[in-house]
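Beneath this line is the structure, given in structure tokens, with notes to follow.
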Amino acid sequence: MGYELHNTRRDDWWDEEGPEISRQEWESAVAADPDLVMQPIPDGWPADAFSSALMTTRPDQEDGIEALHWDQGLVSAKHPSDVLIAKMCELARHWGARVQGDDGEHYPRPPRDDQGLCGLLKIVRWPRAKA
């Protein structure tokens with residue numbers, strides 16, 4: 001088990017009812033964001049299954065690839081770095097949502113600036129994989 005953060009429009013991320021981030025909103029945001037690349041849905045999985053996007057911008061660390069996952073109206077990340085948390089805050093602002101941790105705490109929405117990840121952290125741009 002790991003600690004997760006969630007982009008949500010619901011009062012609390014665990015609520016079964018409430019406003020959702022639609023799959024269309026998710027896919028549009030990923031397509032428009034140079035820091036994210038959508039991963040294909042595995043063969044044999046239903047088209048409405050969860051979907052994932054990998055970060056192409058990562059902190060200078062070697063602990064693996066970071067990803068966001070859309071499922072049932074939420075966008076979540078497990079063990080996110082500060083860079084991924086900043087990206088989640090940026091997306092939350094775009095969607096009119098918020099970032100909430102597994103324990104119910106809320107993460108602030110950093111101020112906008114021209115650096116894409118709120119100017120909070122040093123980032124490294126990794127080349128996109130060719131499709």
Side-chain angles (χ1 to χ4, degrees):
M1 236 178 121
Y3 198 77
E4 293 189 37
L5 297 184
H6 313 272
N7 280 87
T8 184
R9 287 184 176 137
R10 299 172 186 159
D11 289 336
D12 289 300
W13 72 267
W14 56 81
D15 290 343
E16 293 181 22
E17 302 282 327
E20 297 185 347
I21 298 164
S22 72
R23 185 180 192 103
Q24 182 179 7
E25 289 174 300
W26 159 247
E27 290 176 351
S28 293
V30 171
D33 193 313
D35 298 322
L36 298 171
V37 62
M38 190 68 76
Q39 295 301 289
I41 296 172
D43 290 339
W45 287 36
D48 63 350
F50 80 93
S51 75
S52 298
L54 300 180
M55 284 284 291
T56 59
T57 309
R58 295 185 33 227
D60 193 12
Q61 59 187 20
E62 296 182 18
D63 64 354
I65 295 180
E66 291 196 286
L68 295 170
H69 310 283
W70 176 90
D71 189 28
Q72 299 178 7
L74 299 174
V75 174
S76 302
K78 188 173 279 195
H79 299 299
S81 68
D82 290 343
V83 169
L84 193 54
I85 293 170
K87 175 56 68 180
M88 292 180 78
C89 290
E90 185 179 282
L91 290 168
R93 185 174 50 247
H94 171 76
W95 289 321
R98 59 187 172 166
V99 179
Q100 186 177 36
D102 275 348
D103 292 336
E105 78 282 10
H106 295 106
Y107 286 72
R109 296 181 186 173
R112 275 197 182 274
D113 70 7
D114 295 331
Q115 296 182 26
L117 287 178
C118 309
L120 296 177
L121 306 159
K122 178 184 174 203
I123 58 175
V124 176
R125 182 160 308 275
W126 296 88
R128 287 183 181 249
K130 296 196 178 192

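These numbers come from a predicted model, not from an experiment.
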Discussion item. If we ignore hydrogens and angles and just use 3.5 Å, is the side chain of Asp15 paired with the main-chain N or O of Asp12 as donor and acceptor?
Written reply: yes
Fill in: Connected via hydrophobic side-chain network under 4.5 Å: Leu84 and Leu74
no
Discussion item. Using only atom types and a distance under 3.5 Å, with no angle test, would you say the side chain of Trp13 pairs donor to acceptor with the backbone of Gly104?
Written reply: no
Discussion item. If I compare all heavy atoms of Pro80 with all of Leu5, which pair ends up nearest, and what's the gap?
Written reply: CG-CD1, 3.6 Å
Response to the item:
Between Asp33 and the options Lys87, Met38, His94, the side-chain contact (heavy atoms from CB on, under 4.5 Å) test singles out Lys87
Worksheet item: Are the side chains of Asp35 and Val83 in touch, meaning some heavy atoms are under 4.5 Å apart?
Response: no
Item to complete: Specify the closest pair of heavy atoms between Gly96 and Arg9, including all atoms of both residues, with the distance to one decimal.
Response: O-CG, 4.0 Å
Discussion item. Test side chain to side chain contact (heavy atoms under 4.5 Å, CB included) on Tyr3 and Asp103; report intermediate values, then the result.
Written reply: CA-CA 9 Å; Tyr3 198 77; Asp103 292 336; 3.7 Å; yes
Discussion item. Nearest 0.5 Å, please: how far is CE in Met88 from OG in Ser76?
Written reply: 6.0 Å
Worksheet item: Is any NZ, NE, NH1 or NH2 atom of the basic residue among Glu20 and Arg10 found under 4.0 Å from an Asp or Glu carboxylate oxygen of the other?
Response: yes
Practice prompt. Output yes when a side-chain donor or acceptor of Asp102 lies under 3.5 Å from a complementary backbone atom of Glu4, and no otherwise.
Written response: yes
Item to complete: Determine whether Ile21 and Trp14 fall in the same hydrophobic cluster, where Ile, Leu, Val, Met, Phe, Trp and Tyr are linked whenever their side-chain heavy atoms lie under 4.5 Å apart.
Response: no
Discussion item. Between Tyr107 and Gly101 (side chain of the first, backbone of the second, donor and acceptor by atom type, cut-off under 3.5 Å), is there such a pair?
Written reply: no
Item to complete: List in chain and number order the residues that pass side-chain hydrogen bond (donor to acceptor under 3.5 Å, both in side chains) with Trp26, two or more places apart in sequence or in another chain; answer none if no residue qualifies.
Response: Ser51
Worksheet item: Looking at residues at least two apart in the chain, or sitting in another chain, which of them share a ring-ring contact (aromatic ring centres under 6.0 Å, His included) with Trp95?
Response: none
Discussion item. Let me check something: do Ile85 and Leu36 share a hydrophobic cluster, defined by ILVMFWY side-chain heavy atoms less than 4.5 Å apart, either directly or through other members?
Written reply: yes
Practice prompt. Decide if atom CD of Glu105 counts as having more than 12 heavy atoms of other residues, nucleotides or ligands within a radius under 6.0 Å.
Written response: yes
Worksheet entry | Gln100 side-chain N/O to Thr8 backbone N/O, donor-acceptor pair under 3.5 Å | no
Response to the item:
When rounded to the nearest 0.5 Å, the distance separating NZ of Lys78 from CD of Glu66 is 13.5 Å
Worksheet entry | Residues forming a ring-ring contact (aromatic ring centres under 6.0 Å, His included) with His69, sequence neighbours excluded | none
Response to the item:
Rounding to 0.5 Å, atoms CD (Gln39) and CG (Leu54) come to a distance of 3.5 Å
